[in-house]
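Structure, as structure tokens:
A quick note: this is a predicted structure, and the numbers were derived from the prediction, not measured. In each ligand, atom 1 is the first atom listed, and ligand 1 is the first ligand listed. Because only heavy atoms are used, hydrogens play no part in the values below, and waters and symmetry mates are left out as well, while side chains stay in.
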Amino acid sequence: MTDTPQTHTGRIAIVTGAGSGIGRAMAEALAASGATVAALDANGNAAEETAGRIAGAGHRAMAVTCDVSVWDDVAAAARDVEAGLGPVDILINNAGISPKHDGKPASTLEMDPAEWARVLAVNLTGAFHGVRAFAPAMAARGWGSIVNQSSVSAKRHIDFVGVHYPASKAGLIGMTKQLAGELGPSNINVNALAPGRIETPLMRGVDPAVNEAVRLDTAMRRLGQPEDVAGAALYLTSEAGHFVTGQVIDVAGGWMMS
Ligand SMILES: NC(=O)c1ccc[n+]([C@@H]2O[C@H](COP(=O)([O-])OP(=O)(O)OC[C@H]3O[C@@H](n4cnc5c(N)ncnc54)[C@H](O)[C@@H]3O)[C@@H](O)[C@H]2O)c1
């Protein structure tokens, strides 16, 4: 068991992309803080593994296999989660992709339009699908909390991501502010996280020299860990953070500080 304060007791949370990296850390942190967690991932085995780790730590979780880019699948997932756990209070739109080719992003001048469409479908439309499926029950019950996983790359040029990635992450910031205004009267807070370079499978796809350069350019002289991002998500989704809404919180150790 853990000594994490139980600030999420009684809450039902869903985390997309919970089979790996930051999503898994957020799912585990929410569970350790008292929430019952639905771990959703397109990789069903990975979702099962996360749910198993949470159950092994003595908490309640269910695994959901779902591609967030497919509306019918997300709508079905919402029905399954509500039937299995109850209405969802907390939605973390974390699932995301950043395609590379031999460790490098496609240049815009050569990018396959299908790759552009896929990144937007997963990273941005996937988050809309999550909100469309899960927020109505939050509004009906008069409490909810939504966190969208953006990135510092939404705010400044980075030469190791393709143009689709920051476009999708900047879209999430616009969506966050619009939703904060629209859903605030229903007592739902909506925020975005903007992680810097966090050590996960997603960031290991590039030349290690790229990550070392980021580390040296980071005020705190280290790369982030998934748990660093989970800590910010815990705050925003707790009662203590509920009056914070429409914000973009950098979790970047001072890299690309703004
Ligand atoms: N790692 C970083 O440095 C970093 C920095 C900024 C933002 N982010 C963002 O954080 C989020 C998580 O990244 P990560 O580093 O943990 O990546 P990761 O690759 O370790 O995990 C992503 C998870 O999302 C799942 N996923 C992918 N497509 C999906 C889909 N269509 N439907 C459902 N699940 C899907 C994958 O199966 C995987 O389990 C992403 O949105 C990413 O863009 C990461």
If hydrogens are left out, which of [options] has an atom nearest to [atom], that is, the closest non-hydrogen atom?
| atom | options | result |
| --- | --- | --- |
| atom 3 (O) of ligand 1 | I198, L223, I92 | I198 |
| atom 22 (C) of ligand 1 | A95, G96, G23, A121 | G96 |
| atom 19 (O) of ligand 1 | T125, L193, L202, V74 | L202 |

Does the distance from a Lys or Arg side-chain N to an Asp or Glu carboxylate O, for [X] and [Y], drop under 4.0 Å?
| X | Y | answer |
| --- | --- | --- |
| E48 | R53 | no |
| R24 | D41 | no |
| D67 | R118 | yes |

Is the shortest distance from a heavy atom of [X] to ligand 1 less than 4.0 Å?
| X | result |
| --- | --- |
| H129 | no |
| K169 | yes |
| A18 | no |
| S98 | no |
| C66 | yes |

What part of [X], side chain from CB on, backbone N/CA/C/O, both or neither, has a heavy atom under 4.0 Å from ligand 1?
| X | value |
| --- | --- |
| E49 | neither |
| E199 | neither |
| N94 | both |

[X] N/O under 3.5 Å from ligand 1 N/O:
| X | answer |
| --- | --- |
| N43 | no |
| I22 | yes |
| L40 | no |
| S20 | yes |
| S150 | no |
| I97 | no |
| S151 | no |
| A42 | yes |
| D67 | yes |

Closest protein heavy atom to [atom], given as residue, atom name and distance to 0.1 Å:
| atom | answer |
| --- | --- |
| atom 32 (N) of ligand 1 | V68 N, 3.0 Å |
| atom 14 (P) of ligand 1 | T200 OG1, 3.5 Å |
| atom 4 (C) of ligand 1 | G196 O, 3.9 Å |
| atom 9 (C) of ligand 1 | Q149 CG, 3.6 Å |
| atom 43 (O) of ligand 1 | Y165 OH, 2.5 Å |
| atom 24 (O) of ligand 1 | G17 CA, 3.4 Å |
| atom 38 (C) of ligand 1 | D41 OD2, 3.5 Å |

Next on the checklist: Tell me whether the count of non-hydrogen atoms from other residues, nucleotides or ligands lying under 6.0 Å of CZ in R141 goes above 12.
Outcome noted: yes

Checklist entry - For atom CD of Q178, is the number of surrounding heavy atoms from other residues, nucleotides or ligands below 6.0 Å larger than 12? => result no

Checklist entry - Which hydrophobic side chains are connected to I92, either touching it within the sub-4.5 Å cutoff or through other members that do? => result V15, I22, M26, L30, V37, I54, I90, W143, V147, L193, I198, V229, L234, Y235, L236, V244, I249, V251

Checklist outcome for this item: Smallest heavy-atom separation, S168 atom then N123 atom, equals OG-ND2, 3.2 Å

Item to check | For S153 against I158, the heavy-atom pair lying closest together | outcome: CB-CD1, 3.5 Å

Checklist entry - Where do D250 and K155 land on the salt bridge (charged side-chain N to carboxylate O under 4.0 Å, His left out) test, with the steps shown first? => result CA-CA 11 Å; D250 285 17; K155 300 191 267 186; 2.5 Å; yes

Look only at the side chain of [X] and the backbone of [Y], and say whether a donor-acceptor pair between them is shorter than 3.5 Å.
| X | Y | value |
| --- | --- | --- |
| N94 | G17 | yes |
| H242 | N187 | yes |
| Q149 | T16 | no |

Can [Y] be reached from [X] by stepping across I, L, V, M, F, W or Y side chains whose heavy atoms are under 4.5 Å apart?
| X | Y | result |
| --- | --- | --- |
| V119 | M203 | no |
| M111 | L120 | yes |
| L85 | V88 | yes |

[X]: numbered ligand 1 atoms lying under 4.0 Å from its heavy atoms:
| X | value |
| --- | --- |
| R118 | 31 (N) |
| R197 | 3 (O) |
| G21 | 16 (O), 20 (O) |

Item to check | Stepwise side chain to side chain donor-acceptor pair (under 3.5 Å) check, K100 with S98 | outcome: CA-CA 7 Å; K100 303 283 186 304; S98 182; 2.9 Å; yes

Checklist entry - Judged by modelled atom types alone, do S145 and N189 share a side-chain donor-acceptor pair under 3.5 Å? => result yes

